[in-house]
Amino acid sequence: MSKAVDTRLSDGSDGSDGSAGPDPSRWKALVFIALAQLMVVLDATIVNIALPSAQQDLGISDGNRQWVITAYALAFGGLLLFGGRIADLWGRKRTFVVGLVGFAAASALGGAATGEAMLLGSRALQGAFGALLAPAALSLLAVMFTDAKERAKAFGVYGAIAGGGGAVGLILGGFLTEYLDWRWTFYVNIPFAVVAAVGAWLVIREPAGGRNRSPLDVPGVLLSTLGLVTLVYGFTRAESHGWSDATTLGLFVASAALLAAFVAVEARVASPLLPLRVLTERNRGGVYLSLGLAIIAMFGLFLFLTYYLQIVKGYSPVRTGFAFLPMIAGMITGSTQIGARLMTRVPPRLLMGPGFLVAATGMLLLTQLEVDSSYVGLILPAQLLLGLGMGTAFMPAMSLSTYGVEARDAGVASAMVNTSQQVGGAIGTALLNTVAASATTSYLAAHAAGATGAEAQRLLQLDGMVHGYASAIWWAVGILAASAVIAFTLINSGRPGATTVVSAAASEDEDEDEVKIPVVAH
């Protein structure tokens, strides 16, 4: 995600003249902003590896285990737009530091958790403070790096950390869980946050005049957050009570009503949290929808593979972390060597659509998963295809997420693509976990009579788990295929390399020349 802003300050200047040159400490500031980004990316993957150990230690049920991931993703995704608005109101530096301090405190709470409720609460707090931290960091980069070449380098560093940090998190999570304790996957955030907060407070100098003092859209925040929480809780409840349960259906109806009310409010308020013009352009809408669906498929898979490798195959946490590296390598290769090289030569739909189909092919291989499946023969090639496909699709999608927006909307457009990913991840974890659990229960009920003896019961349990995973992965294949169809159908723009946004001030004043600034998306 990038946070692009109108480079002109409140006095009408663009901050690029001789009297207001670039901040000499901007590269030092980038170090601490990048460190904060690394912490957030690490946290997104490091907890996946530690989850089986934490579940066993705290007695978390199978039905509630996905909330360790979902609580974070939903709080982050639901409050991300609000966090960007707070950064504009309070000041980006102040919001950035508050987000870091809060994230560190929430991590300490998670590491010290004595039960399920305390752990889930700490994860929700991490997500809430992450929603403050992420947009503030990106908007700081946007206002501090105004030269086009420097801006590209700065966002390049930020994006490289976002991609490579996932691999570091998987391996670090394995080492911490195996050789120390799962609690250290939370405690490790604290030194990152403290160093980044102190450095940011001493080094960052936010340009003056960049705040947006429009009144907060409080109804929009409440309606969007409640609507999304209700939606995910509906998927989660379906696992234990069934899809036809009256309360489950009521949750889905309530969610639809809350989100419909959110849209109605955004269409009428003077300063909406999410201007609807950001969503109604077909290319941006296609990106948000296809990317959100793809993340639904990917998040569920991460959870299933972690449990399959550790519980069914008996991998240690460290070995599990290394086992995920082919997927990360595929993502980096697809993004930097395929997507980045071709996105200025071919229309984005010809990268996104095929990319999602390649990922769906990798997912299709995993539907053949069995208790004794070979890692090298099945899981490794499936991961490579998944990584290559998703990496190829993500690069043009991120660039296209700010397609044709005015400068006043560029930040919220960038935030929206991250919101679609976070909410997609929350829904994916809940939905696919529900499908897997239901399929496992049905399998065990159908085969229980033939299992006599302790060893037969153990094998039946493993067979049931893997059958549930495979059933859910079939759903993921269909979801990725739908992402490809949406990309081919809705996205009709040309090459995104020249994407620009129009200055809000210029677009509203017919006497001024049109001002365009580049958007760098990661």
Side-chain angles (χ1 to χ4, degrees), residues 1-2 37 41 44-45 152 155-171 286-288 290-302 305 321-366 378-401 417-418 420-421 424-425 428 473 476-477 479-488 491 493 495-497 499 520-522:
M1 178 186 76
S2 70
Q37 168 69 358
V41 174
T45 54
F155 277 104
V157 170
Y158 195 89
I161 289 174
V168 177
L170 291 170
I171 297 172
V287 166
Y288 302 148
S290 63
L291 209 53
L293 285 173
I295 293 296
I296 287 177
M298 289 297 295
F299 261 63
L301 179 69
F302 274 122
L305 273 185
F322 279 103
F324 274 105
L325 286 184
M327 186 184 298
I328 302 298
M331 286 183 178
I332 294 175
T333 302
S335 177
T336 61
Q337 301 303 312
I338 301 176
R341 291 176 182 269
L342 295 180
M343 74 177 200
T344 58
R345 302 178 184 179
V346 300
R349 68 179 180 277
L350 297 184
L351 288 174
M352 292 179 62
F356 289 135
L357 289 178
V358 169
T361 302
M363 198 78 78
L364 187 63
L365 289 179
L366 290 176
L378 178 67
I379 299 173
L380 189 150
Q383 285 197 56
L384 286 174
L385 287 172
L386 277 163
L388 283 170
M390 296 299 279
T392 300
F394 272 36
M395 174 60 86
M398 291 300 179
S399 178
L400 198 61
S401 65
V417 74
N418 272 254
S420 69
Q421 292 180 69
I473 291 171
V477 172
I479 291 170
L480 282 173
S483 295
V485 171
I486 291 169
F488 280 125
I491 297 173
S493 72
R495 294 172 299 170
T499 299
V520 183
H522 287 289

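Index from 1, following the sequence.
Within the structure, ring pair (Phe, Tyr, Trp, His ring centres under 6.0 Å) pairs that include any residue of residues 322-352 comprise F302-F324 (at least two apart or interchain).
Considering all non-hydrogen atoms of both residues, F488 and L350 come closest at CE2-CD2, 4.4 Å. Here the closest non-hydrogen pair linking T361 and L385 is CG2-CD1, 4.2 Å. Between A487 and G353 the shortest heavy-atom distance is CB-N, 3.9 Å. When all heavy atoms of L351 and T392 are compared, the pair lying nearest together is O-CG2, 3.9 Å. Counting all heavy atoms, side chain and backbone alike, L386 lies closest to A359 at CD2-O, 3.2 Å. Across every non-hydrogen atom of S483 and A294, the tightest pair is OG-N, 3.3 Å.
Residue Q383 holds its CD atom at 8.5 Å from CG of L325, rounded to the nearest 0.5 Å. Taken to the nearest 0.5 Å, the CE atom of M327 stands 11.0 Å off from the CG atom of L388. We find the OG1-CD1 distance between T333 and I328 to be 11.0 Å, quoted to the nearest 0.5 Å.
In this view, I296 and L293, I427, I479 satisfy the side-chain contact (heavy atoms from CB on, under 4.5 Å) rule, not counting sequence neighbours.
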Before giving the answer on side-chain contact (heavy atoms from CB on, under 4.5 Å), spell out for M298 and M331 the whole-Å C-alpha distance, their side-chain angles and the decisive distance to 0.1 Å. CA-CA 12 Å; M298 289 297 295; M331 286 183 178; 3.5 Å; yes
Between I491 and M352, does a side-chain contact (heavy atoms from CB on, under 4.5 Å) hold up when you go through it step by step? CA-CA 9 Å; I491 297 173; M352 292 179 62; 3.5 Å; yes
Do L357 and L480 pass the side-chain contact (heavy atoms from CB on, under 4.5 Å) test, and can you show the C-alpha distance, the side-chain angles, and the key distance before you say yes or no? CA-CA 7 Å; L357 289 178; L480 282 173; over 6 Å; no
